[in-house]
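Proteins get letters first, then strands, A, B, ... in listed order; numbering begins at 1 in each.
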Protein chains: 2
Amino acid sequence: MTLVVIGGVAAGLSAAARARRIDASLEILVLEKGAQISWAACGLPYYVDGRVRSLEELVVYTPERFERERRIRVRAGAEAVAISHARREVVLAGGERVRYDRLVIATGARPKLEGIAGLPQPNAFTLHTLEDARRLREFLASRRPRRAVVVGAGYIGLEIVEALRTQGLSVTLLDAGGTIAGREDNFLVRAVSQHLERFRVSYVPHQPVRAIEPDRVAGFPCDLVVLATGLKPNVELAQEAGIEIGPTGAIRVNERTETNLTGVYAAGDCAETTHLVTGGPVWQPLGTTANKMGRVAGANAAGRRERFPGIAGTAIVRLCGLAIGFTGLSAARARAAGFDAAAATITAGDRPRYFAGRPTEIELVADRRTGRLLGGAVIGEEGVAGRVNVIAAAVSRALTVEEFQFLDLAYAPPFAPVWDPLLVAAQQLVREL
Amino acid sequence: MTLVVIGGVAAGLSAAARARRIDASLEILVLEKGAQISWAACGLPYYVDGRVRSLEELVVYTPERFERERRIRVRAGAEAVAISHARREVVLAGGERVRYDRLVIATGARPKLEGIAGLPQPNAFTLHTLEDARRLREFLASRRPRRAVVVGAGYIGLEIVEALRTQGLSVTLLDAGGTIAGREDNFLVRAVSQHLERFRVSYVPHQPVRAIEPDRVAGFPCDLVVLATGLKPNVELAQEAGIEIGPTGAIRVNERTETNLTGVYAAGDCAETTHLVTGGPVWQPLGTTANKMGRVAGANAAGRRERFPGIAGTAIVRLCGLAIGFTGLSAARARAAGFDAAAATITAGDRPRYFAGRPTEIELVADRRTGRLLGGAVIGEEGVAGRVNVIAAAVSRALTVEEFQFLDLAYAPPFAPVWDPLLVAAQQLVREL
């Protein structure tokens with residue numbers, strides 16, 4: 001019995017490792033088109049800003065070490081170009097054919113650059129691979145650029161803004177829409193805009209970019225441009241093999257992460273999953289989801305029956321000392337999904353005043369008809385991840401705001417005020433329902 | 001219609017304020033036997049260590065300000081000595097009688113000092129009131145003691161250990177049992193013992209204290225002793241009025257916080273409540289519970305029908321840079337409560353290694369029969385409160401460990417590793433079930 005995994009980063013390696021743990025006799029082969037496997041894509045901005053000294057720190061396993069410790073064959077530099085499911089074969093660039101009994105597709109995603117003319121340019125970068133990060137850091141060190149334009153106010157865009165400001169560049173952040181990290185919540189967009197202003201980042205929303213010129217982008221002069229315009233799932237290989245694509249544009253899978261082809265699973269950034277609040281399909285490419293989904297794909301490919309329940313849409317990003325986190329649905333998306341959404345936004349201290357509490361802003365969203373908590377966003381300096389995670393647990397489990405306001409949350413002055421900001425927000429939202 | 005509230009700190013003032021918000025026409029009178037109301041008891045250790053400069057910082061409202069802003073009469077220095085429910089009267093020291101239609105009892109708790117001979121002593125302190133804190137800080141400033149004994153390894157004991165070490169005293173911590181902050185979890189006791197050792201605090205468990213001598217406690221020489229031997233609920237006033245006391249020794253109330261006497265409510269440190277995991281009565285006097293319960297008592301006293309669901313037993317304490325938090329049941333208590341408890345303990349980085357992650361230890365406890373998560377403890381430097389709160393939300397809502405391991409938690413390198421330690425612990429526990 002042979003399991004072939006296409007893709008050697010988060011989802012692919014989680015799948016391979018889990019399958020090995022379940023079935024010691026399985027033949028497992030990981031095909032990775034790049035030179036390296038098992039690297040931490042989310043660490044790239046921190047290599048650019050210098051906190052991470054060498055790219056090796058971001059690489060968890062070499063192919064050799066993974067083979068040795070996990071007894072899983074890894075072929076780096078092996079690009080899958082076709083899948084023939086009738087023959088149970090993966091075709092590699094060069095023509096070699098690799099047989100499988102079970103297949104996990106973890107082909108990831110790639111930067112979405114369509115509609116931007118003038119690429120490549122020596123001073124234009126994406127930040128998607130180790131090589132991207134190496135090129136950008138070298139450019140910063142050797143050319144000493146002074147003015148940067150970052151295109152796209154998503155997670156990567158914001159992290160790159162922080163990295164470039166840390167390096168002393170003047171930064172202009174352009175976004176085609178008006179969202180921040182993909183969220184349209186008014187209070188969040190306002191708070192982050194103000195924070196960007198405080199850090200002298202020029203933020204220009206509703207500014208599409210159609211071309212990169214050598215010294216300017218959309219009229220903004222610069223020595224450097226970073227394109228953080230979002231991702232698209234790598235689905236072509238699957239699609240050509242007859243695998244269904246879902247409404248999000250990513251590979252459609254069932255709750256066992258299986259595609260429409262029996263024995264073929266997909267996980268990670270190339271696959272869609274279920275949103276725990278809407279119940280509908282969602283594509284939000286993040287490392288956490290990739291790892292969890294990959295683990296389930298690996299278990300099922302190894303003969304277990306496991307279920308990946310879906311995601312709440314949780315994310316967090318740091319921007320110049322501010323943490324911005326959210327989960328579930330914003331009020332606007334809740335309305336679009338058919339809920340009768342009510343929202344409450346509060347500002348409260350993240351600790352008691354006498355313990356140097358700093359303001360944290362929270363928005364909670366609930367459904368008027370059922371009282372169910374649908375989502376929330378938290379912005380502040382301390383404790384943001386923890387508070388977002390409490391909301392994530394609550395929305396995943398369909399708590400009502402009534403129930404949420406009585407959560408028994410940890411309190412001591414070094415950590416929180418006696419009324420946690422989450423509960424203050426919930427009390428406010430109860431009044432709005 | 002007159003609402004009388006006995007007690008002017010957390011539960012009492014929450015009740016009064018909530019009742020006012022619900023019914024603007026209600027007569028509301030708060031009786032407080034002390035000189036001050038509305039002070040933050042949990043801040044006292046941070047006044048002793050000097051972080052809080054003046055006790056005024058710990059006082060949120062003066063009686064005058066509360067009266068002015070909330071339109072609630074407050075009588076400080078008014079001690080209730082009897083309740084005659086037949087006449088709907090509270091009798092004050094001095095003989096004055098105060099009529100009520102509805103009554104909220106929020107008489108709090110007091111230090112438990114029974115069985116300790118030799119008190120008072122000029123160098124022996126409790127830390128329960130503003131006056132206690134003032135006396136202790138003055139003693140530290142004027143007498144410059146070098147050696148302290150702290151009796152009791154509960155929250156207050158640990159916080160006082162930190163405060164005294166911060167002031168440079170050598171500290172011996174004695175505890176009659178072997179628990180830390182009331183928890184008997186092996187891994188927690190071991191981790192905290194090691195941490196105490198690292199900070200050169202001599203920790204002596206299983207050391208009962210029967211007498212305070214002027215220069216030594218249980219044979220340990222000292223210039224100063226702080227008694228943090230726990231609390232007992234102030235129930236005598238209620239008990240003499242015919243109000244039922246529960247098995248925990250605190251006032252028994254129903255889910256609306258009403259006692260066995262119609263129209264008489266009890267909330268806060270004098271009352272017991274329901275443990276959300278065992279479903280049984282529990283008494284765990286904490287400010288968070290007092291405030292929430294007081295709010296519900298006030299709402300019901302003002303004619304609403306609200307329910308206080310109970311507590312998960314969540315708490316957190318800081319000890320010399322280490323955060324120690326827990327919620328739900330320990331494995332030992334889960335077994336005592338009839339669960340077939342399994343536990344898993346893991347150590348994992350609180351952030352990625354390349355982002356200076358530091359170890360955090362987590363224990364999760366679940367029931368083998370149902371897979372239900374029953375409790376957990378978290379020890380570490382960063383993110384402990386947030387992680388404990390996620391467990392608290394999960395145990396309150398009876399999540400299974402299977403479900404818990406798929407929680408969509410926030411991830412970015414400055415905040416967490418891609419596999420949050422909570423999920424690592426859950427995966428480990430799933431394997432134990």
Side-chain angles (χ1 to χ4, degrees), chain A residues 10 40 42-43 45-46 51-52 57-58 155 159 276 286-289 291-292 308-318 323 325 327 352-355 383-390 392-394 396-397 399 403-416 418-420 422-423, chain B residues 10 40 42-43 45-46 51-52 57-58 155 159 276 286-289 291-292 308-318 323 325 327 352-355 383-390 392-394 396-397 399 403-416 418-420 422-423:
Chain A
C42 305
Y46 307 101
R51 167 184 267 275
V52 174
E57 289 182 53
L58 298 181
Y155 320 121
E159 287 169 347
L276 292 169
L286 284 175
T288 43
T289 306
N291 276 299
K292 288 194 201 89
F308 180 70
I311 63 169
T314 311
I316 191 166
V317 60
R318 191 182 71 174
T327 186
R353 197 182 301 250
Y354 64 80
F355 213 98
V384 172
R387 291 188 173 103
V388 166
N389 286 342
V390 172
S396 303
R397 190 62 176 176
L399 255 74
E403 292 168 327
F404 190 84
Q405 71 172 335
F406 286 116
L407 283 180
D408 187 11
L409 303 181
Y411 160 58
F415 307 105
V418 66
W419 283 113
D420 194 278
L422 285 175
L423 305 184
Chain B
C42 305
Y46 307 100
R51 167 183 268 274
V52 173
E57 289 182 53
L58 298 182
Y155 320 121
E159 286 169 347
L276 291 169
L286 284 175
T288 43
T289 306
N291 276 299
K292 289 194 201 89
F308 180 70
I311 63 169
T314 312
I316 191 167
V317 61
R318 192 182 71 174
T327 187
R353 197 181 301 250
Y354 65 79
F355 213 99
V384 172
R387 290 189 173 103
V388 166
N389 286 341
V390 172
S396 303
R397 190 61 176 177
L399 254 74
E403 292 169 327
F404 190 84
Q405 71 171 336
F406 286 116
L407 283 180
D408 187 11
L409 303 181
Y411 160 57
F415 307 106
V418 66
W419 283 113
D420 195 279
L422 285 175
L423 305 184

What residue, out of [options], has the most heavy-atom pairs lying under 4.5 Å from chain A?
{"options": "B:Ile311, B:Leu409, B:Asp420, B:Val390", "value": "B:Leu409"}
{"options": "B:Phe406, B:Phe308, B:Tyr155", "value": "B:Phe406"}
{"options": "B:Glu57, B:Arg353, B:Arg51", "value": "B:Arg51"}
{"options": "B:Gly287, B:Gly386, B:Ala412, B:Pro414", "value": "B:Pro414"}

Restricting to non-hydrogen atoms, name the atom on [X] and the atom on [Y] that form the minimum distance, rounded to 0.1 Å.
{"X": "A:Pro413", "Y": "B:Cys42", "value": "CG-O, 3.3 Å"}
{"X": "B:Phe415", "Y": "A:Ala385", "value": "CB-CB, 4.0 Å"}
{"X": "A:Ala40", "Y": "B:Tyr354", "value": "CB-CE2, 3.7 Å"}

*A:Tyr411/B:Leu286 under side chain to side chain contact (heavy atoms under 4.5 Å, CB included): CA gap, chis, key distance, verdict*: CA-CA 9 Å; A:Tyr411 160 58; B:Leu286 284 175; over 6 Å; no
_Treating A:Lys292 as the side-chain partner and B:Leu407 as the backbone partner, does any N or O pair qualify as donor plus acceptor under 3.5 Å?_
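Side chain of A:Lys292 to backbone of B:Leu407: a pair is present.
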Which answer fits [X], side chain, backbone, both or neither, if we ask what part of it has an atom under 4.5 Å from a heavy atom of chain A?
{"X": "B:Leu422", "value": "neither"}
{"X": "B:Ala323", "value": "both"}
{"X": "B:Glu403", "value": "side chain"}
{"X": "B:Ala393", "value": "both"}

*Residues two or more places apart in sequence or in another chain: which of them pass ring pair (Phe, Tyr, Trp, His ring centres under 6.0 Å) with B:Tyr46?*
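In terms of ring pair (Phe, Tyr, Trp, His ring centres under 6.0 Å), with neighbours along the sequence ignored, B:Tyr46 is linked to A:Phe355.
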*For B:Thr314, what residues pass the side-chain contact (heavy atoms from CB on, under 4.5 Å) criterion, not counting sequence neighbours?*
A:Asp408, A:Ala410, B:Ala312, B:Thr327, B:Val388, B:Asn389, B:Ala392
